[in-house]
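Have a look at the structure below before the remarks.
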Amino acid sequence: MIHKFSLIYELDAPIAIAVAAYLDSEHYIFLHKDYTDKYEVLYHEPHSKVITVRQTWKLFGISMGQVYKCEYIPPAEFRNYDVKPSPWYVPSIHHLISVSTNLQYLPSSEKDTTISILDVEIKLPFWLYPLRYMIQKGIEKLKVEKDAEDMEMIYRREKLFGRGNNSVYLANHQFMLYKDDYVKYYGNSS
Ligand SMILES: [Fe+2]
């Protein structure tokens, strides 16, 4: 059975910074350590934008390893899908449900901010279907709390470098996914 939902809200950051913060995978296991404490890029498919990642997420207080595919569709769309438990023999919610997400950022028409639109699709067996709203709440909570941590990081950097300055994300030593694609759309110092 399939359960779909969307989560839409505003992030107080210019779109170039919201996208940079999402692609800046270096901060994940430090800033978001309460939610994710392992992040490893396993494979970048040649001639494609698909990256395979191994990551540990904490959902409902349980830490679960997973391998999944992610894609950046410039300028501001991100897909995660094909989630599998890792290691496969450890009991995990991902043996039971399959979650794919599509996150899109749009520039706000009124202010220099970003509208975050998360579309989630959960495939789950019929006997878990009654719990779909509980699973939805868990995913929503994770996203809201992670974004709050990101906003703290963004405000801190904004104070130091000015609003809209993306140079800190583009430093040579900074591990950012799809850096070349990002620069093509947002430039070196937006
Ligand atoms: Fe983040």
Side-chain angles (χ1 to χ4, degrees), residues 6-42 44 49 51-61 63-81 83 99-108 112-120 137-183 185-186 189-190:
S6 297
L7 183 61
I8 301 170
Y9 51 78
E10 186 179 15
L11 297 169
D12 182 21
I15 190 162
I17 300 303
V19 173
Y22 186 93
L23 294 176
D24 172 41
S25 50
E26 192 166 327
H27 77 264
Y28 286 10
I29 58 168
F30 301 103
L31 185 65
H32 305 309
K33 63 180 182 310
D34 291 342
Y35 308 101
T36 181
D37 55 7
K38 276 187 195 137
Y39 182 90
E40 188 183 359
V41 174
L42 298 178
H44 184 185
K49 298 288 179 200
I51 287 178
T52 305
V53 173
R54 182 188 291 138
Q55 188 171 12
T56 302
W57 277 105
K58 281 178 202 164
L59 191 61
F60 306 118
S63 192
M64 282 171 287
Q66 54 186 260
V67 169
Y68 62 93
K69 296 203 187 312
C70 69
E71 253 179 277
Y72 169 46
I73 298 112
E77 196 174 336
F78 316 91
R79 288 185 191 155
N80 287 345
Y81 55 92
V83 184
V99 181
S100 50
T101 60
N102 190 94
L103 175 67
Q104 212 180 342
Y105 286 160
L106 296 175
S108 161
D112 189 19
T113 57
T114 300
I115 308 301
S116 163
I117 303 163
L118 177 71
D119 295 313
V120 180
K137 270 194 180 160
I139 293 171
E140 286 176 344
K141 184 171 179 284
L142 194 64
K143 154 91 171 138
V144 168
E145 291 178 1
K146 185 198 76 69
D147 279 354
E149 289 184 340
D150 278 328
M151 282 314 305
E152 270 182 42
M153 172 183 80
I154 287 168
Y155 285 142
R156 243 187 349 260
R157 288 175 168 179
E158 194 173 290
K159 262 191 202 161
L160 291 169
F161 303 102
R163 189 173 176 89
N165 188 328
N166 63 2
S167 55
V168 65
Y169 299 93
L170 297 172
N172 282 338
H173 57 79
Q174 194 75 10
F175 178 40
M176 182 193 204
L177 303 174
Y178 304 102
K179 211 178 215 176
D180 294 341
D181 290 317
Y182 173 87
V183 169
Y185 285 89
Y186 297 105
S189 187
S190 60

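Remember, it's 1-based here, ligands and their atoms both numbered in the order they're listed. Side chains are part of it too, since the values below use all heavy atoms of this structure and drop only hydrogens, waters and symmetry mates. Source: prediction; values computed, not measured.
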**Fill in**
Taking every heavy atom of Asp24 against every heavy atom of Tyr28, the minimum-distance pair comes out as O-CE1, 3.5 Å

**Item:** Given Phe78, Tyr185, Tyr105, the one that forms ring pair (Phe, Tyr, Trp, His ring centres under 6.0 Å) with Tyr72
**Value:** Phe78

**Item:** Asp180 CG: over 12 foreign heavy atoms closer than 6.0 Å
**Value:** no

**Asked** Can a donor-acceptor pair be found between the side chains of Lys143 and Ser116 at a distance below 3.5 Å?
**Response** yes

**Request:** Just jot down the side-chain hydrogen bond (donor to acceptor under 3.5 Å, both in side chains) partners of Glu152, sequence neighbours excluded, or say none.
**Result:** none

**Asked** What protein N/O/S atoms sit under 2.8 Å from the Fe ion (ligand 1), by chain and number?
**Response** His27 NE2, His32 NE2, Asp150 OD1, Asp150 OD2

**Message:** I'd like to know if Lys146 and Asp34 make a salt bridge, using a cut-off of under 4.0 Å between side-chain N and carboxylate O.
**Reply:** no

